[in-house]
Enquirer: 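A single structure is presented below for examination.
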Amino acid sequence: MDTVLFFKVGKFYELYELDAEIGHKELDWKITLSGVGKCRQVGVSESGIDEAVQKLVARGYKVGRMEQIETAAQAKALRGPKATIQRELMQVLTPSTLIDGNLRPEAIHLLALKEELSQGLDGKESCTYGFAFVDAAVGRFYVGSIRDTSSRSALGALLTQLAPQELLYELGGLSKETHRALQKYSPPAGLLPVMRTPLQPRSEFMDSDAAVKFMLSRGYFKHAFKATAECFEKSKESWPEALNVLPDKDLAASALGALSSHIQRLKSDGELLPNAELYPYEVYRGSLRLDGQTTTNLELLKNSANGSKSGSLLGYLDSCCTVFGKRLLHRWICHPLQNLEEINERLDAVDELILLPELTSTLRAGLRKLPDLERMIARIRGLAGSPNISFLPGTMVQRRLKLLCSATKGLQDACELLRCLKTCVDSEGHPKAHILREASAFLDGERVGPVFAEMMSIIDQNSSSTKETFQQKDDTEDGEHAGLLFHLLSMFIEHQMYWSSVVEIIARLDVLSSFVVTIHNSNGPTCRPKFVPDNPHPNQTSCINGGSLLNIKGLWHPFATGGMGGVIVPNDVQLGMADGSCKPRAMLVTGPNMGGKSTLLRATCLAIIMAQLGCYVPGESCIMSIVDIIFTRIGASDRIMSGESTFLVECTEAASILQHATSKSLVVLDELGRGTSTFDGYAIAYAVFRHLIETLDCRLLFATHYHPLTEEFSGSSFVSLQHMACSFEPPHTLMNAGRPNQPADTNDEWNKASDVGQSSCLFDKQLVFLYKLKAGACPRSYGLQVASLAGIPESIVVVAAKASEMIHSCLNKAFQAATDVNTELSHIQKQWLKSLITAGKLITFGRSSNRPLDCAEDAYDTFLCLWHEMRKL
């Protein structure tokens, strides 16, 4: 049982047996026993059925309505006095197919997914997905395909972008890895769970040819399918353009057919499918690439605690006045730009709105009055394609006329807002920002004014006193009202492309004005990012390969200042060129637990995303080259339900980075290798870090508690060693003075604090986190101090401190000899030394095994090259 069925009985709708239990549980209806079998039942009158259905659907139920298709008198006349009234299932509503009623503002998606597995020449598994989804409330269907690896990172990106309410898939057609990805990106407990609906192969989830024939035969997507079934038999070129542009269109067509078939079975196809719009969808579409894990780690769309947008980038930037503006902002965050011209166009518009506060205030005041025009237009488009307008009862006609009236009035207000924009910018001079120029000039030469006048005249003639409330007519006049509705719908739909353009422009202005509000309400300094080419100084030979850069001064996390007592502590992040000199593009960050390393890493990623959204960034200045992909490996978590350990999750994410990162990427790794033994974890961290800096040379932030890494790369020209500062203060000083607004430590104080033994300062001094990024490496992580702060008993911490000192002493003695030599050599000298050792082993091996002389000759050549290099010093 997956559908709650209401049966129409006279003037009431009733639920029976198990459905009655649901009505009792969810709606607090009283159960009664009636009928021959004394079955359980609950009911509601006709006037309350819509509200009851909305409540059940909002709680995740599928709800159907069995309507009477004849009266009791008609049944008796046709089939005798004991005849049963015939009923028919009219429609099944689900959380993902609602098009009316009390809808939440964000987009609600129904997704169909088709998977095809393959094996590459290297023996590694790869998979291809075809998908189709619909936002039923706005009447837009999308199709696409993605090629993914075993990590399912692209699928994760799709799932985080859409957050589907329901998923359709072929029974037995998804791999275990795909099911794991679906589980991984499912909403947290407490939110409405995703409905997963398996469909039967071939009959419900058709192949591509059968799917296209099915849609053609039903008359779905009339504007997209310009061919007939006969044309399709001859060539697939007659497929819609949205499918033809896809690399794997057969899979996408199959998914679209499954989606359409499912909607048809729910009896919702009449309004949704005939006039539906069909678009191609690209998961990354030339934008800054953010896979599912990165979107989750950075909390871009929702927080990791309860899944709400509070405490996320979306929540921080969202000051939009319209619900369709909020949905556009969501799409922008999923697809930050890479095109520099488009980024600067948005930034120019933000600059101009900041300089014209009266215009911004007037614009936002008008925006607040607009209804959800995007969904209204879609609803009207669906009504125009419905074949049952002539048979609608009077109350339904009146309801649709009221919708049409509200949409017309809202569009008039939107156009008036654009006229106001034109007047304001003309008074201030011609707008410099291209987006504002385009918006203010949109109504030039427009010819829809007479359409508004005629529609409102007709509406006025059929209303009592206002344009929103119509007279209640008798049933005898239903036909007249239906004719009026049809006439108005035809006039409206004739200009639907124009209406959609108006809504798109208004939504864009709403998002840009929201950026301005965010800037004004920020807790710290913000700045316009400056973008430079990847190689701004090609003659700067000291910079490794020229390359990409990131230079942010005064960076702060926009919505994570709670751990710092609400005080902003700015930090400078320099990767690549900075202040005219070359800086390493890799930063190795150490510091105490809870010292702010993860916050710094996340803040850097958020600044880049905000910059490429066309928004100001939190900081005093920002100079950067375009980032193509952001990779993050942040936080420790397992996936017990998927059978994946913490270390496996770490390595899977690291593998995805190593496979797909480029020299233009930003890679953020936080404590890689902590999910396994110390030595194995260190070895993995060392190997991955070295590969990234010496082979890939991308912008890299690597936070670690493996302090030997700082010794290993202390002389490397590829790496900048930094740490998050802390200090030790007497407890009474903290209580009397409170937390200082500015970090009070100096380098000398830091070195002094670093030299304090673990057990000597555990309880007489308190560890204070300064959240300040400083040059150099931190010698310890101060985990015992953090353990003490967390409330672990003093006796246990003391024992741990003694054990820690003993372990450190043993390790120091074991590695002292190596350290004495190692610290005197630069990074390149260490590489020469390793080459000498390797060459010596080759000579010894060649002599002892009587191998050919080629091996020894290669070793001697190596010695000769190294000798020439050393002579240059």
Enquirer: Do Arg508's NZ or CZ and the ring of Trp332 fall within the cation-pi criteria of under 6.0 Å and 45°?
Expert: no

Enquirer: In terms of ring plane angle, is the pair Phe559 and His557 parallel, tilted or perpendicular, where the classes change at 30° and 60°?
Expert: perpendicular

Enquirer: Please determine whether a side-chain nitrogen of the Lys or Arg among Lys553 and Asp572 lies less than 4.0 Å from a carboxylate oxygen of the Asp or Glu.
Expert: no

Enquirer: Looking at Arg528 and Asp348, is any side-chain nitrogen of the basic one under 4.0 Å from a carboxylate oxygen of the acidic one?
Expert: yes

Enquirer: Partners of Arg331 by salt bridge (charged side-chain N to carboxylate O under 4.0 Å, His left out), sequence neighbours excluded?
Expert: none

Enquirer: So does Glu374 pair up with Arg140, basic N to acidic O under 4.0 Å?
Expert: yes

Enquirer: Between Tyr142 and Phe131, does the ring centre distance come in under 6.0 Å?
Expert: no

Enquirer: Distance alone, cut at 3.5 Å: any donor-acceptor contact between the side chains of Asp628 and Tyr284?
Expert: no

Enquirer: For Ser304 and Glu299, test the side chains for any donor-to-acceptor distance below 3.5 angstrom and give the result as yes or no.
Expert: yes

Enquirer: Test Arg327 against every option in Asp135, Asp318, Asp510, Asp372 by the salt bridge (charged side-chain N to carboxylate O under 4.0 Å, His left out) rule and name the one that passes.
Expert: Asp372

Enquirer: List the atom of Gly614, the atom of Val350, and the distance in Å for their closest heavy-atom pair.
Expert: O-CG2, 3.8 Å

Enquirer: For Lys664, enumerate each residue passing the salt bridge (charged side-chain N to carboxylate O under 4.0 Å, His left out) test, keeping only those at least two apart in sequence or located in another chain.
Expert: Asp534

Enquirer: Under 6.0 Å between ring centres: does that hold for Tyr616 and His520?
Expert: no

Enquirer: Just to verify, what does Asp100 make a salt bridge (charged side-chain N to carboxylate O under 4.0 Å, His left out) with, not counting sequence neighbours?
Expert: Arg379

